[in-house]
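One structure is given here, and the rest of the page talks about it.
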Amino acid sequence: MTFGETRTMSRDQALTKIEKYFQSGDFESDLNHRIAFKTESNLPNCDAALNSYLENNLSPYLQELDFTCTIHSNPCVGAGPFLVAHRYEGDDLPTVMTYGHGDVVAGYDDKWDNKMSPWEITKVGNRWYGRGTADNKGQHTINLASLKAVLETRGQLGFNVIVLIETGEERGSPGLREFCATNKNLFNADVFIASDGPRISPEKPTIFMGSRGVLNFTMRLKSHEGAHHSGNWGGLLTNPGVVMAHALASMIDRNGKILVEGWRNTTLPNSVRAAIAKLKVDGGENSPNINPNWGEPDMTLEERVFGSNTFEVRAFETGNPQFPANAIPSSAVAFGHLRYVVGTQTEQLIPMLRAHLDRHGFEDIVITSDRDMMHATRLDPNHPWVLWAVRSLTHTAGADIAVMPNLGGSLPNDVFSEVLGLPTIWIPHSYASCSQHAPNEHILETISQSALKLMTGLWWDLGAGETP
Ligand SMILES: [Zn+2]
């Protein structure tokens, strides 16, 4: 037997071990313990649960695998703590940083079908219901269990690991950027590999390397004090709702094409275009009908959602829609939203809108930018770490996987890619119709079973000595 064959056998042994972990019910039981922690970070008084999740569940689990665990308080007052865990094997070995979030959104306890509790797993066919099954406890449970299977099979990992678990992701990750920026020495890694979000379709193993950025802003126009009788004043006063509608119409056309100068981004690197060309948008059951004529005209559907900037009116109000009066409203407000890709001049987005409105005679509309932007990130699909990960996942899956240059949605990925300077690879274990953030959140049993194997194979290969 050659050395190569021995190694193949051991990889297979690790995959068999993780399959047993799933079949024996141990995966369900590990996840069930984690789901039971009511770590609802968007509700008040969640501190005890957030701390307890890190201190009484994840730390002991990782300590058993010889991790050194430290719980750090959040530099942002009132926000939940971070767990940082290190496992070191040697200076000459690669170091991977992985990440997850222990917090979930509110359970909405009475709103689940069939009186299911959000705080324990209920299995119905292929679906495992419970708050956090998909977002994100199920996903980090899969990744850590796979790490354990490799360690137990090989006796060592063959690489160093840094685990970061935050407990505020569902509140917009307060303090994450500052914590990573001031503690860069804790996160000296070669590559970042983590799991969150959906696969492109349930059956298709997927990786993505960044996300679109998001800019939220508000446009307000006040024309006069108070509403005025339209019989006495109509024809004499400006209607701010009409002016706002024209302003919006100047920003985007009837078919969703952006008209603000500088806001479109239609240049895609060839490697990104080639990767997107292999993707097929599929939301799974119950997804809405796609309008093939909406958005950036000369792009494919997939290029529009993964490779272009998209503008949405999130809400728009003038007067009182609940009780429409026969009056000219005093003001109008529109809540706008731009998702944007790498290459967009982010600092210029608001100044470009200001210039656009002024040029079109809408000087009176006041623009405010609502909150911190989540920046766009993307790693080249031909980056050596991406090629390495694709090779490993394809080997385990025995079929092609989907490679998304970036997610259509947004993540705090710029903290890892920009602040820590790491190549970032995300391997999602959920799917688009998982009801995360709503009642009836669930994971699919079939995806979990496949994901445990994919991650075990990946961790195995990371320690096998053929990394970039
Ligand atoms: Zn979430």
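Side-chain atoms are counted along with the backbone in the values below, which use heavy atoms only and exclude waters and symmetry mates. Atoms within a ligand are numbered from 1 in the order they appear, just like the ligands themselves.
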Can Ser211 and Asn406 be counted as having a side-chain donor-acceptor contact under 3.5 angstrom? no

Polar side chain donor-acceptor pair, Asn413 to Thr377, under 3.5 angstrom: yes

Do the numbers put Lys137 on top of the ring of Tyr53, so that NZ or CZ is under 6.0 Å from the six-membered ring centre and no more than 45° off the axis? yes

What is the number of protein N/O/S atoms located under 2.8 Å from the Zn ion (ligand 1)? 4

Between Arg34 and Asn57, do the side chains contain an N or O donor and an N or O acceptor separated by less than 3.5 Å? yes

Pairing residues for Glu303 by the salt bridge (charged side-chain N to carboxylate O under 4.0 Å, His left out) criterion, not counting sequence neighbours: Arg273

Between the side chains of His437 and Asp135, does any donor sit under 3.5 Å from an acceptor? yes

